[in-house]
Amino acid sequence: MTTAIFWFRQDLRLSDNPGFLAACEDYDQLIPIFIDDNGHLKSQLGEASRAWLHHSLESLNKQLTTFDSELLLFKGVALDVINDICQKTDIDAVIWNRCYEPEAIERDSNIKAALKAQSIHAQSENALLFFEPWQVLKKDGTPYRVYTPYWRQVAQLGLEQPPVSTPSKIPTLPTASLSNVTLKSLDLLPNKPWPADMLSYWKIGELAAQNTLTEFLARSGGVDYKNKRDLPAVVGTSQLSPHLHFGEISPRQIVWQTLQETPLHELDGGTETFIKEVIWREFAYYIMYHFPDTQHEAMYPQFKNFPWLEDVSENLEKWQKGQTGYPIIDAGMRELYATGWMHNRVRMIVASFLCKNLLINWQLGEAWFRDILVDADLASNTLGWQWSSGCGADASPYFRVFNPVTQSKKFDKEGEYIRRWVPELKDLDNKSIHEPWLASSVVRSRLDYPEPMVDLAATRLRALDAYSHVKKQKELLQEG
Ligand SMILES: Cc1cc2nc3c(=O)[nH]c(=O)nc-3n(C[C@H](O)[C@H](O)[C@H](O)COP(=O)(O)OP(=O)(O)OC[C@H]3O[C@@H](n4cnc5c(N)ncnc54)[C@H](O)[C@@H]3O)c2cc1C
């Protein structure tokens, strides 16, 4: 009788799960486990993510029970937990799907070594990405730092990959009782209304993820994507990001199902744009793997010692609370707090405002997003923030300062998105909804809405001045 542990991590699904399939096919007994080692990893999950995780684990366990199996929960240092199970039961193998966060890589290598020393087979598979980061390299063997050539190579390697099948049966559990940790005792749900209210916007778990994809494709999401994805007032994107982060669905399933509707060689612009965005996520993981220091510092050395402002708590709080006096920024920040998600176009606008107009270090914005986003993801969040502040891979040039008013007029022309999230402005006309300070003094006196917290033109010049420091640093580095 052979027994394996399957360790669920960022792959909370039964379908297209190579590690889980191997564990089910190759062993007589299977112990599916989840370890809450969050307190032991430095890159901790934020509050919104922990709340999502609670429901995702509940959903996964429900699915396992339909196969007469069960998800066993543990809390603590992963190596200790696994060693402990191996001491209590005769384990032949421990199987998992790979994670790519630097700390997770280190943790998993240590566990692999410890298992090897005990002659226990350790097996890891890929369930998170199309290609391993080390498979995609430039001709000279170094990693890409720019998206387009990376995309070309990835597309050439082939994205039409059929998902692996769902196990038809799951091996039984050993009889020994191995854990008395309950989902409730993991304490993932904070004891306050938020984020419970926030989660009411979402359906969580593998089946919900698959339905979200099917609905997105059915409303011609792929085809219309190019036209609608920049409009925050409409549901023009898939909203799959939290499901992808927790592995309730795989990128391979998304692309495969999308291509069932439109084959790769006949791709219309919209669908190709959608697939390219899915691959931006893969690029984020790629950058995190090859440049692990980017999780806490700029990719390029000329950004070290950047003159960020120091005494920023008051301005940071106005930004976090959606009280900046710039309607599109406030709408985005309030959407984030209410739903745990923010439209990508608005993420770029609020991030540019924080880093450039407020000259606040991108890491403070990244930390806030990490706590509040249900899709908070070390790789994509870091890439997004470094893109916005100009200091990362394939970043927006440092001299590009988004003007929130121009962006608002362009992408939320009628002010529908602003009216939804900043209801105190809902009666303004379509012009002053973007610039309430232009409304008549009578109208303004009736508004319970702050004046703009900074002057856009002056702060833009201040940002350009600060960023000229980067240029000087670059020249000095080149000379030296
Ligand atoms: C400052 C900033 C922070 C961000 N933080 C995160 C984060 O923590 N987690 C996260 O998943 N995304 C992050 N993004 C990327 C992007 O905003 C979200 O992935 C997207 O808004 C999710 O919505 P969607 O699922 O409807 O995306 P869709 O437009 O439907 O795209 C499909 C999938 O492609 C991936 N994707 C799309 N755009 C990007 C992108 N620019 N970078 C990486 N992957 C992308 C996502 O997995 C997404 O679910 C951030 C972007 C910025 C500018």
Side-chain angles (χ1 to χ4, degrees), residues 10 43 45-46 48-49 52 101 128-130 147 150-151 201-202 209 212-213 215-217 219 221-222 224-232 234-255 257-258 270-288 295 319 329 332-333 335-336 339-356 360 362-396 402 407:
Q10 249 186 293
S43 53
L45 290 182
S49 298
W52 183 289
E101 295 185 355
L128 203 66
L129 303 174
F130 282 93
Y147 178 74
Y150 168 84
W151 152 258
Y201 283 88
W202 299 94
T212 304
L213 173 62
E215 282 162 21
F216 169 70
L217 295 175
R219 61 169 190 266
D224 284 350
Y225 184 78
K226 200 171 182 177
N227 305 325
K228 292 192 180 159
R229 73 182 181 121
D230 271 320
L231 308 176
V234 303
V235 187
T237 65
S238 69
Q239 303 199 327
L240 280 164
S241 49
H243 301 291
L244 268 165
H245 171 75
F246 287 97
E248 295 170 0
I249 196 164
S250 71
R252 187 160 51 192
Q253 287 173 306
I254 295 174
V255 170
Q257 200 171 321
T258 304
T271 309
E272 190 187 46
T273 310
F274 174 63
I275 292 176
K276 274 185 169 167
E277 289 305 314
V278 175
I279 300 304
W280 262 101
R281 168 189 169 276
E282 182 118 347
F283 184 59
Y285 275 80
Y286 178 85
I287 293 293
M288 179 175 66
Q295 62 176 317
W319 176 81
I329 307 273
M333 298 310 292
E335 177 184 36
L336 171 64
T339 69
W341 185 87
M342 193 198 295
H343 189 278
N344 181 58
R345 167 61 47 186
V346 191
R347 290 188 203 203
M348 294 193 286
I349 304 171
V350 303
S352 169
F353 185 76
L354 185 86
C355 302
K356 297 186 176 172
I360 293 180
W362 64 270
Q363 287 168 303
L364 295 178
E366 189 273 339
W368 180 251
F369 269 31
R370 191 167 0 115
D371 206 25
I372 312 290
L373 278 173
V374 284
D375 64 23
D377 184 276
L378 185 66
S380 297
N381 204 24
T382 305
L383 191 78
W385 276 96
Q386 292 204 350
W387 184 91
S388 304
S389 64
C391 73
D394 208 353
S396 165
F402 277 63
Q407 292 280 318

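Every number for a ligand or one of its atoms is a count from 1 in the order of the listing.
Applying the 4.0 Å criterion to heavy atoms of Ala376 picks out, from ligand 1, the atoms 8 (O). Ligand 1 places these atoms under 4.0 Å from at least one heavy atom of Asp375: 7 (C), 8 (O), 9 (N), 10 (C), 11 (O). Using a 4.0 Å cut-off to heavy atoms of Gly384, the atoms of ligand 1 that qualify are 1 (C), 2 (C), 52 (C). Of all atoms in ligand 1, listed by their number and element, those nearer than 4.0 Å to a heavy atom of Leu244 are 47 (O), 49 (O). Every atom of ligand 1 is numbered from 1 in the order shown, and the set under 4.0 Å from a heavy atom of Asp377 is 7 (C), 8 (O), 9 (N). Residue Leu240 has at least one heavy-atom neighbour below 4.0 Å for each of these atoms of ligand 1: 25 (O), 49 (O). Set against the non-hydrogen atoms of Phe274, the atoms of ligand 1 under 4.0 Å away are 30 (O), 32 (C).
The proximity of Phe283 to ligand 1, defined as any non-hydrogen pair under 4.0 Å, does not occur for either the backbone or the side chain. Only the side chain of Leu373 comes within 4.0 Å of ligand 1, counting heavy atoms alone; its backbone N, CA, C and O stay farther away. Counting heavy atoms under 4.0 Å from ligand 1, residue Ala284 does not touch it at all.
With atom 37 (C) of ligand 1 as the reference point, the heavy atom nearest to it among His243, His245, Glu277 is part of Glu277. Proximity annotation for atom 12 (N) of ligand 1: of Ser380, Pro242, Ser49, Ser380 comes nearest, heavy atoms only.
The single protein non-hydrogen atom nearest to atom 40 (C) of ligand 1 is Trp280 CB, 4.0 Å, given as residue, atom name and distance. Regarding atom 16 (C) of ligand 1, its nearest protein heavy-atom neighbour is Asn344 OD1, 3.3 Å. Nearest protein heavy-atom contact of atom 3 (C) of ligand 1 is Asn381 OD1, 3.4 Å. Residue, atom and distance of the protein heavy atom nearest to atom 13 (C) of ligand 1 are Arg347 NH1, 3.3 Å.
Aromatic rings of Trp280 and Tyr147 (six-membered ring for Trp) have centroids within the 6.0 Å cut-off, being under it.
At a threshold of 4.0 Å, the pair Asp375-Arg281 does not count as salt-bridged, since none of the basic side-chain nitrogens sits closer than that to a carboxylate oxygen. At a threshold of 4.0 Å, the pair Glu366-Arg370 counts as salt-bridged, since one of the basic side-chain nitrogens sits closer than that to a carboxylate oxygen.
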